Each structure stands twice: as structure tokens, then as C-alpha cells.
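Have a look at the structure below before the remarks.
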2 protein chains.
Amino acid sequence: MEEYKVIFEKFLQKNGLRLTPSRMSALEAVFATHDHFDVEALYDTLRRRGLRASRATLYRTIHLLVASGLVRQVPIQGETTRYEHIWGHPRHLHLVCTECGALLEDELGAAEQALLETGMRHGWRVNEIAVSLRGVCPKCGKEANDVRA
Amino acid sequence: MEEYKVIFEKFLQKNGLRLTPSRMSALEAVFATHDHFDVEALYDTLRRRGLRASRATLYRTIHLLVASGLVRQVPIQGETTRYEHIWGHPRHLHLVCTECGALLEDELGAAEQALLETGMRHGWRVNEIAVSLRGVCPKCGKEANDVRA
DNA sequence: CTCGTTGCAAAATGTTTGCAATGTA
DNA sequence: TACATTGCAAACATTTTGCAACGAG
């Protein structure tokens, strides 16, 4: 039994919630990839696997996954809310290209300690560090295009 | 003439856009505070000042302000999209309490240099550093409540 | 005078919720 | 069996857009 399943099961039990096929399917789909995803993508993934769960259920489930600490929202602007799993995924930072939307991940490195200390200095128990660097990727070293909507 | 107005005017000219009362009102309202705001709040602020601009116009204007580099989206999860002005606002980090929603700002400090180096290492021209530390504030040193929707 | 801009209302999204049927512990 | 869960459709909240009237350069 994979570790994350145990974690989720314990979380459900502790909160008087039930382990259902829909929830298990969603959980597996979420951990089947290291990519970011939104609820719609999760919905598609399940259908592609021949599984089923309504969007409503997935929206409800993703909240549980976040509450359990297994998943977090990706701290990046965008149309839809995107998520990523955390388990086995060390704290990292995102490099976002404001031109083409390219996204790169890397480790926090030296910054991590400094940030944790800042949190501590204010008396906060820090559970999550979200860092995104927005700028222009090497490929887009050009100029911006049209600005109008 | 305030610096940010000059910047916005140049931005408009460069893109063949026009300087209108609505846009100027929005710009001033945005820079009148250092708080985060969403479009609805901006709308209220204008009305309170006896100025007027439709929500549609404000949504259109805020995009221009972001494109001009004067304003950015706040990289924090939430119901509505929130913004903050950047001009005269040094790079900083946000401490977010996942219990009560409290929000604290602080300087990046030592982390800034480390993060910039990471960007450089990947060949990115970094324009913006967004950091949020999510956790539990001192006041909320308690336990979580009900998890269910 | 030419084109960008505005407001309104309608449309489009993304997400939540009430409710009756269903399933888990 | 008791109560949590699901799907559906309706409700919501936010943001975008078409269009005709208006306004800046």
C-alpha cells in the first residue's frame, strides 16, 4: 500500500469520513503524475481511465486532499485553480515565463533556511513555502506583443 | 506629477492607448493605498470618492496596470483575484495564516539573493519574486476545526 | 474625423450547493 | 441501520465580451 494512501485513509478516519471508490480514484490519479492540474484535467484523467466521478465530487475531493496535506494549490496566477501533490515532492520554487507561460521547477536551496527563519521570527508555524519567480525565459528574450484585451 | 503617473502615461502612449479619466481615477485609487485589493474593492473606492467607472472598465484597466508593470497579482489563494501596486513597494514576502487568514508582510532579506541566483542559473530575467509562507499564526496556535464542505 | 473607450447587459467560466438516491462502516 | 457520499442540475460569483454611444488626440 502506497504511503499516500495510508495517509489519506488515516485522514478520513480521523474526521469521520468514508473511503469511497471516487475518492480513491481521484487520489490515485493525482499521484500518477508530478504535473500541475486543475479539476477539469483530473476529471479527464479519470474518464480516460474508465473511472467515473462527477465534477462536483472531484471539487469536493480536492478540498479533502488539500486539507489532508497531500496536495496544495499551485501559487501561480491563472484562469483556473491548479493543484499539485506534495508527498514525495520536496519544497520547490517555480520559474514562470510571463511571455510564453513556460514553467520550470527547481529546489529552494539556500533560500529555504532564510525563509523559515523569517517565519519563525514572527512566531508562525510554517507549513508551506511557495515561491515563484516571474520573468522572461531564455527562449523569449524578446519584447512583449500587443497589450490590448 | 507622481512618478507612477508618468510611467503609466508612457505605457499608454507606447501602445497607442488613450489616457482617460476612468483610467486615471483607477490609477490614483490603486496607489492611494498599500493594501491588497480586488476589482470590487477598487470599484467601491472610486464610488466613495464620487468618481465613476463601470466594473467592466475597471477589469479592463487593471489588466493594463499589470501589463505596465505598476501592479501585480498577489500570489495568494483566495476567492477573488487580488492585486497590489509594485512601484515604491520593495520585493517582499507574505505570511498567510491558513486558520484565520491573517496576512503579514516582511522583507525577503537573505532569501532574495539566493532566489535571484537560481533564476540566473536557468537563464531567466527575473522581474518579480513572489513568496508566500503558509502556516499558522501565533494567535491561532490551536487545532483545525471541521474539515467537511 | 478616426479610432480607442465606456457602460450595459448578456455570456462565459469556474466552483459551490440543495436534494433525493445510493453506498459505506 | 445510520449517516456520509454521489450526481445532477440549479445557483453563484467572478470575469469577459458584443455592441452602440461617446470621447480623446
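All chains are named by letter (A, B, ...) in the order of the sequence lines, taking the proteins before the strands, and each is independently numbered beginning at 1. The structure displayed is predicted, hence computed values, not measured ones.
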Round to the nearest Å and state the distance from [X] atom [atom1] to [N] atom [atom2].
X       : N      : atom1 : atom2 : answer
A:Glu9  : C:dA25 : CD    : C1'   : 12 Å
A:Arg60 : C:dT17 : CZ    : C1'   : 7 Å
A:Arg18 : D:dA4  : CZ    : C1'   : 4 Å
B:Tyr43 : D:dT14 : OH    : P     : 14 Å
B:Leu17 : D:dG25 : CG    : P     : 12 Å

The side chain of A:Ala56 is closest to which nucleotide in this list: D:dA4, C:dT17, D:dA24? C:dT17
A:Thr80 side-chain proximity, nearest of D:dC8, C:dT15, C:dG7: C:dT15
Proximity of B:His36 and B:His94 rings by center, below 6.0 Å: yes
Output yes when at least one side-chain N/O atom of [X] is less than 4.0 Å from OP1 or OP2 of [N], else no.
X       : N      : value
B:Arg23 : C:dT6  : yes
A:Thr81 : C:dG14 : no
B:Thr20 : D:dA24 : no
B:His63 : D:dT16 : yes

Any chance you could lay out the side-chain contact (heavy atoms from CB on, under 4.5 Å) test for B:Leu65 and B:Val30, step after step, and finish with the verdict? CA-CA 9 Å; B:Leu65 289 173; B:Val30 164; 4.0 Å; yes
